[in-house]
A.B. asks: 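Sending over a structure as structure tokens; questions will come in a sec.
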Amino acid sequence: MKKMMMLLMASVLFLAACSGSDSADGGGGSEQDSNKVTIWAWDPNFNIAALNMAKEMYEKENPDVEIEIVENAQADIVQKLNTGLSSGTSKGLPSIVLIEDYRAQSFLQAYPDAFHDMSDSFNVDDFAEYKIAPTSFDGKQYGLPFDSGVTGLYVRTDYLEEAGYTLEDLQGIDWNEYIEIGKKVKEATGKDMITLDPNDLGLIRLMIQTAGAWYMEEDGVTPALAGNEALKQAFEAYKGMMDADIVKPNSDWSQFVANFNSGDVASVPTGNWITPSVKAEASQSGKWAVAPIPKLSVEGAVNASNLGGSSWYVLNGDSSEAAADFLGKTFGSNADLYQQLVTEIGAIGTYKPASGGEAYEKADEFFGGQKIISDFAGWTEEIQGLNYGMHTYAIEDIMIVEMQNYLNGKSIDDVLNDAQAQAEAQLK
Amino acid sequence: MTKLKRIFMYIFLTAAAFISVFPILWMIISATNQSVDVTKGRLLPGTHFGENLTNLLQTIDLVPALMNSAKISISTTILSLLIASLAGYGFEIYKSKAKDVVFTILLLSMMIPFASLMVPLYRMFGSISQTMPAIGIDTLTSVVLPTVTTAFLIFFFRQSTKMFPKELVEAGRIDGLSEIGVFFRIYVPTMKTTYAAAAIITFMASWNNYLWPLVVLQSPEKMTIPLLISNLGSSYSPDYGVIMMAIVIATLPTAIVFFLMQKHFVAGMMGSVK
């Protein structure tokens, strides 16, 4: 009896102690303070590192503003933001949050009152045009564009040479030519041309953006799958790769990375953010190069596309003025910051005035002396802008299933019509 | 024939044991390897144990997070054992017409997924924060309170109490013990193994709890271990060696708790009173 009572008392005291220290340090309950800016972002080596640089620069000139950077996984941020915003309590939400461009519209359209209008905090024309549509809503600019998801075709030049090609042969090609080259590479080296995860249609997304097309109409809510010429071609190219037997399948991110680290695939068409993972295998230094991304053979398609990429958003609250000022003075207008981002963490921004600088012109020995940053920056400006709309990932879930049906022999028109019908039913 | 049967049984059991142990083995091996080797699926122990550990300690605040997890799990376990066992005992020992109705409602609440309770719960803690910030959003207490007892645990204690001899209760009453005295002096000591089993289940669930702490905890210094591990994995270029190291460390406490109470756990699952 005594023992149990002691235990009970101990646990109550223990709880009290926990909560006591909570109120003492007051870490969380500080939103009344208009000079404290809390920021949520993911990836310590990339976004968080970039924030730390911006913080250092800003605090030098604005010592009275306190900036707290909180690291959360991207999926976790989405979860927390959805719970917080839909419960209607602003308590606990940050002043600034990083949101992936594909998801931005779903937040902006669902909670338009929660976000701070950034139109006056920076000059929209300074940023790559393709970033503007996903980050604005109803004529107002809510997001401050951050990293470029500009894509490139990372390719093993040694495998290419064995198959009788040079990097020159990969300039300005379309996906059909890519498949042809892939076949030759496989013949000569036995290596697959590409690695794909059947549950991630990132490749389809980057393919259709070369043609300026998307899963949705420009209004961002109506599915545009049936009769979408770009999508049709992208599906055909995907199947073409499968049929040509030049694909090494992977089932998750770590296998994806392993497939090119181990030298099993000859090329990786993806976003520039993969550079650190490619360079992680130091023994392959000098064997890689980056070519422009192949395009679809649709009229108006360009050899430039985007995959991923995020932007900063300010949430309405006591500290939103300070937060907007912080973003405007750092990521919104500081060309030096962008130079530093490139040199120190390899992050390519979408701030146009920065792209002429010295850091962008540096040759990278890992990529055979290619000035990859400058190439990526050039491609960034060519990317076709489009509104990703609200339901990118919901539609992608439908497409993943339909892609399997297509690979199993269903006709392309049926596939897209069925996907359209499902999307319309689901997103009503 | 029986010998042949035995051989097949051992082959089967070895295979089953290998399948369940392999992931743990691979996790420990990977904690000693570089990220590149982990993704390539290297199965041999490497030499990067120290390096992964130093990197881990540099990238995240491991010790405070372990402390947070420990505070939450220990208080949740103590409180929920006390509350759930009192409830389970009451449901079984005392007679009331309403109790079966109440119990059915309680069991039905097990069917509601937590995800659907999350937004209302968050709202609730949002308004609690207005008046009592010490137990509102972004405090360790707010993680403990909603999980402080579960319908499952009450059910578990009620089922175990079914085997508890009611004569003991009556004997206690005749000897002059109060109702609370009967519970603490007779019931609790008799049901030790049930408590051990329940403690393991609750501690593990609380230690690994992810969704609610994720939503309700905001400041970095209050994060629990699963949240930090989730952060490690979200990078564009994750270091798998470091992640595996973090998972090994996060697994240790539950493993220790389990092995300490393993004997009681098995007995508790079978029922305390034979």
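All figures in this text were calculated on a predicted structure; none of them were measured in a lab. Side chains included, hydrogens not; waters and symmetry mates left out as well; all remaining heavy atoms used. To find a chain, count down the sequence lines: A is the first, B the second, and so on, and within it residues start at 1.
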A.B. asks: Tell me, out of A/W273, A/W253, A/W42, A/F46, who's got the most heavy-atom pairs with chain B below 4.5 Å.
C.D. replies: A/W253

A.B. asks: I'd like to know if the side chain of A/K80 and the backbone of B/Q218 have a donor-acceptor N/O pair within less than 3.5 Å.
C.D. replies: no

A.B. asks: Below 4.5 Å from any heavy atom of chain A, which atoms of B/Y210 appear? Answer side chain, backbone, both or neither.
C.D. replies: side chain

A.B. asks: Would you mind checking which part of A/Q74 comes under 4.5 Å of any heavy atom in chain B, side chain (CB onward), backbone (N, CA, C, O), both or neither?
C.D. replies: backbone

A.B. asks: Rounded to the nearest 0.5 Å, what separates atom CD in A/Q79 from atom CG in B/L211?
C.D. replies: 5.0 Å

A.B. asks: Among B/V119, B/I137, B/L214, which residue has the highest count of heavy-atom pairs closer than 4.5 Å to chain A?
C.D. replies: B/L214

A.B. asks: Report which part of A/N82 has an atom under 4.5 Å of a heavy atom belonging to chain B: side chain, backbone, both, or neither.
C.D. replies: neither

A.B. asks: If you compare all heavy atoms of A/A73 against all heavy atoms of B/N231, which two are closest, and at what distance to 0.1 Å?
C.D. replies: N-OD1, 2.9 Å

A.B. asks: If you tally heavy-atom pairs under 4.5 Å against chain B, which of A/T275, A/V70, A/I274 wins?
C.D. replies: A/V70

A.B. asks: Would you mind checking which part of A/W40 comes under 4.5 Å of any heavy atom in chain B, side chain (CB onward), backbone (N, CA, C, O), both or neither?
C.D. replies: side chain

A.B. asks: To the nearest 0.5 angstrom, please state how far the OG atom of A/S86 sits from the CZ atom of B/R123.
C.D. replies: 9.0 Å

A.B. asks: How many angstroms lie between atom CD of A/E71 and atom CG of B/L232, to the nearest 0.5 angstrom?
C.D. replies: 7.0 Å

A.B. asks: So which heavy atom on B/Y122 is nearest to which on A/S87, and how close?
C.D. replies: CD2-OG, 3.1 Å

A.B. asks: What part of A/N72 gets within 4.5 angstrom of chain B, counting heavy atoms only: side chain, backbone, both, or neither?
C.D. replies: both

A.B. asks: Are B/W212 and A/T83 close enough that some pair of their side-chain heavy atoms sits under 4.5 Å apart?
C.D. replies: no

A.B. asks: Highest number of heavy-atom pairs under 4.5 Å with chain B: which of A/D264, A/L81, A/V257, A/D76?
C.D. replies: A/D76

